[in-house]
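Numbering of residues begins at 1 and proceeds along the displayed sequence.
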Amino acid sequence: MTEVESEEAVTAESSEPAVSSELAVSSEPAGMTDAEFSNGPAAAHNAWMLTSCALVLFMTAPGLAMFYGGLVRRKNVLSVMMQCIFLMGLMTVIWAIYGYSWAFGGSGGWIGNGEYLFMNGVQRFWSEAAGEPLTPMYDGTIALMTHALFQGMFFIITPALICGAFAERMKFSSMVVFSVLWGTFIYCPLCHWVWDGGPLAYGEDGIAGGALDFAGGTVVHISSGISALVASILIGPRMGFLKEPIQPHNLTYTALGAAMLWVGWFGFNAGSELLSDGLTSSAFAVTHFSAAAGAVAWAITEWSALGKPTVLGASSGAVAGLVCITPAAGFVQPMPAIIMGLAAGICCYIACSKLKMWLKYDDALDAFGVHGVGGILGAVLTGVFASRACWDVAGGEKIGLIESGGDTSLVIGQIVAVLVTLAFAGIGSFILLKLIDAVMGLRVLPEHEQRGLDITDHGEEGYTLA
């Protein structure tokens with residue numbers, strides 16, 4: 001070790017929170033005292049991350065609830081909102097009991113372990129050696145509980161995204177069972193593969209070198225998008241699909257929901273740095289730029305095609321831009337982010353308007369067209385535009401296709417991760433949906449669908465006139 005390295009090591013060591021000699025020799029798990037926590041950098045990082053937790057939860061409700069709620073017919077508005085609200089509760093309980101442990105317990109391999117079952121090892125504990133409570137830490141920067149909360153918000157919104165595909169026609173009970181099974185057997189393993197050192201994690205041990213996924217291109221958007229497509233095909237189209245107009249009942253809700261998603265996405269993407277530092281600012285900026293470009297691109301594309309730009313198009317384009325930048329948020333610079341947003345606005349518009357009509361599948365609220373297509377596009381373009389100047393993940397070596405002057409290794413790794421995700425989530429969803437259909441059925445009765453799920457499933461109406 002050189003003299004400079006030695007000095008850096010001493011400096012780094014001195015910046016670590018003090019731990020008493022009693023704790024050092026104790027068999028107790030490591031943790032940080034309240035004084036160490038509040039008087040060090042962890043306090044600022046933790047504050048930003050708790051804010052990000054709230055922002056991501058805000059995306060599910062009111063954000064997604066209003067975005068989806070406005071797109072369905074008035075007789076089904078409460079059913080869509082109920083799905084979002086109920087999943088906020090249901091998926092949280094599952095995450096606390098075993099989901100976090102399955103996704104982030106241990107490191108490497110195909111699935112997590114029982115390390116964090118029932119929040120053991122995550123929650124604060126009493127230290128006999130210190131004589132006070134200690135907080136378990138994640139990488140020494142934020143509370144482990146904060147990390148669990150943040151990742152749990154992703155666990156909530158991902159199955160909620162799928163609900164857009166089968167809106168207005170799936171049994172609420174079947175949706176509940178599917179969400180539990182999907183979260184357990186598809187989301188948790190995939191999350192572990194990508195973010196906890198598993199086979200899709202970036203590095204020489206990953207399949208084809210692994211993939212870069214900063215905030216959930218594969219884990220959240222591609223997985224939910226392909227699952228949504230499978231669900232929409234298996235359940236079948238809504239009554240009257242392609243035969244009569246099925247119009248959104250309240251685009252005001254949708255526009256406001258899109259704006260809420262845009263705001264919440266800053267926590268989704270910038271929060272995924274798990275710190276408050278320079279890269280956080282970069283991820284925040286590119287998230288905003290891509291959303292802006294997506295809104296403009298979709299609106300201009302339909303303006304050219306249909307003669308008028310619509311608020312639905314601008315709202316959908318913003319979400320498409322946000323989806324596309326999600327895997328790349330920590331790896332690309334602002335100008336490439338604008339290019340990605342423009343590409344997402346155009347490609348997702350084509351997927352939602354042309355591809356769906358050509359293939360005649362009824363993805364009711366375009367979960368696949370926006371999240372599946374946008375996620376795939378974002379994952380591949382991450383391999384094109386990734387730069388070591390944002391996050392040096394390869395020890396100083398150039399990583400992206402453009403930055404490296406034509407090295408395709410990262411693009412190949414990204415494509416392989418996309419294909420693995422499509423196969424795993426798509427086939428897995430097909431099996432789960434077939435099992436549920438055989439046991440309890442997937443689709444509501446025709447008369448219930450015609451009357452509306454607000455009344456038949458929940459005994460309520462979104463709008464009553466005196």
Side-chain angles (χ1 to χ4, degrees), residues 57-93 156-180 224 228 231-232 234-261 264 310-313 315-316 319 352 362-367 370 433 436-437 440-466:
L57 185 64
F58 183 80
M59 291 173 66
T60 302
L64 188 67
M66 291 193 70
F67 185 81
Y68 276 177
L71 290 174
V72 296
R73 289 165 289 186
R74 60 182 296 173
K75 62 185 178 180
N76 294 310
V77 58
L78 290 184
S79 70
V80 172
M81 291 185 171
M82 177 59 171
Q83 289 170 348
C84 292
I85 295 291
F86 191 81
L87 288 176
M88 287 169 69
L90 176 67
M91 305 311 286
T92 296
V93 173
I156 290 168
I157 197 170
T158 308
L161 295 174
I162 302 173
C163 293
F166 49 70
E168 303 192 298
R169 62 198 191 277
M170 187 174 187
K171 291 181 179 179
F172 183 76
S173 56
S174 299
M175 182 280 298
V176 170
V177 174
F178 174 70
S179 297
V180 171
S224 64
S232 68
L234 285 183
I235 294 174
R238 289 166 291 177
M239 297 173 64
F241 179 68
L242 297 181
K243 297 177 183 177
E244 60 187 53
I246 302 179
Q247 298 295 332
H249 91 283
N250 193 331
L251 287 179
T252 306
Y253 282 2
T254 299
L256 292 175
M260 292 172 185
L261 287 170
T310 66
V311 68
L312 175 58
S315 300
S316 300
V319 175
C352 295
D362 186 13
D363 176 5
L365 309 184
D366 292 315
V370 173
L433 289 164
I436 295 170
D437 194 27
M440 56 193 297
L442 290 173
R443 188 160 184 154
V444 299
L445 296 173
E447 53 266 33
H448 289 183
E449 183 177 347
Q450 189 170 24
R451 190 178 180 194
L453 304 188
D454 289 0
I455 288 290
T456 59
D457 272 4
H458 308 295
E460 300 170 299
E461 290 184 87
Y463 307 95
T464 56
L465 299 176

*Quick one: OG1 on Thr310 to CG on Leu251, what's the gap to the nearest 0.5 Å?*
8.0 Å
*asked:* Closer than 3.5 angstrom, by distance alone: can the side chain of Tyr463 be matched with the main-chain N or O of Lys75 as a donor-acceptor pair?
replied: no
_For a quick test of reading the model, state the closest non-hydrogen atom pair linking Leu453 to Met170 and the distance between them._
CD1-O, 4.0 Å
*asked:* Measuring from atom CD1 of Ile85 to atom CG of Leu90, what distance do you get when rounded to the nearest 0.5 angstrom?
replied: 13.0 Å
*Measure across Pro248 and Gly70 and return the closest heavy-atom pair with its distance rounded to 0.1 Å.*
CB-O, 3.4 Å
_Residue that, paired with Val319, satisfies side-chain contact (heavy atoms from CB on, under 4.5 Å) out of Leu261, Leu64, Asp366_ = Leu261
*asked:* To the nearest 0.5 Å, what is the distance between NZ on Lys171 and CE on Met440?
replied: 6.5 Å
*Closest heavy-atom contact between Ser315 and Ala258?*
CB-CB, 3.6 Å
*Does Arg169 use its side chain to pair, donor to acceptor, with the backbone of Arg443 at less than 3.5 Å?*
no
*Met239 backbone acceptor or donor facing Glu449 side chain under 3.5 Å*: yes
*Using modelled atom types only, decide if a donor and an acceptor are shared between the side chain of Glu168 and the backbone of Asn76 within a distance under 3.5 Å.*
no
*Closest heavy-atom contact between Tyr68 and Ala367?*
OH-CB, 4.0 Å
_Smallest separation among heavy atoms of Val77 and Gly69, with atom names_ = CG2-O, 3.6 Å
_Would His458 and Met81 count as a side-chain contact (heavy atoms from CB on, under 4.5 Å) here? Give the steps._
CA-CA 11 Å; His458 308 295; Met81 291 185 171; over 6 Å; no
*How many angstroms lie between atom CD1 of Ile156 and atom CE of Met88, to the nearest 0.5 angstrom?*
6.0 Å
*Could you walk me through whether Ser232 and Asp362 pass the side-chain contact (heavy atoms from CB on, under 4.5 Å) check?*
CA-CA 6 Å; Ser232 68; Asp362 186 13; 5.6 Å; no
_Criterion side-chain contact (heavy atoms from CB on, under 4.5 Å) on Cys163 and Val80, from CA distance to verdict_ = CA-CA 8 Å; Cys163 293; Val80 172; over 6 Å; no
*Atom pair CZ/CG of Phe178 and Leu433 - distance to nearest 0.5 Å*: 4.5 Å
*Any donor and acceptor pair, going by atom type alone, linking the side chain of Thr254 with main-chain N or O of Phe67 inside 3.5 Å?*
yes
*Residue from Leu442, Leu87, Val180, Asp457 passing side-chain contact (heavy atoms from CB on, under 4.5 Å) with Met175*: Leu87
*For Leu161 and Val370, what are the C-alpha separation, side-chain angles and deciding distance, and is it a side-chain contact (heavy atoms from CB on, under 4.5 Å)?*
CA-CA 10 Å; Leu161 295 174; Val370 173; over 6 Å; no
*So how far is it from Phe166 CZ to Asp363 CG, rounded to the nearest 0.5 Å?*
10.5 Å
*Search all heavy atoms of Pro62 against all heavy atoms of Met260 and return the closest pair with its distance.*
CG-SD, 3.4 Å
*Checking Ser174 side chain against Gly441 main chain: does a donor-acceptor pair fall under 3.5 Å?*
yes
*Do any N or O atoms from the side chain of Asp454 and from the backbone of Ser79 form a donor-acceptor pair under 3.5 angstrom?*
yes
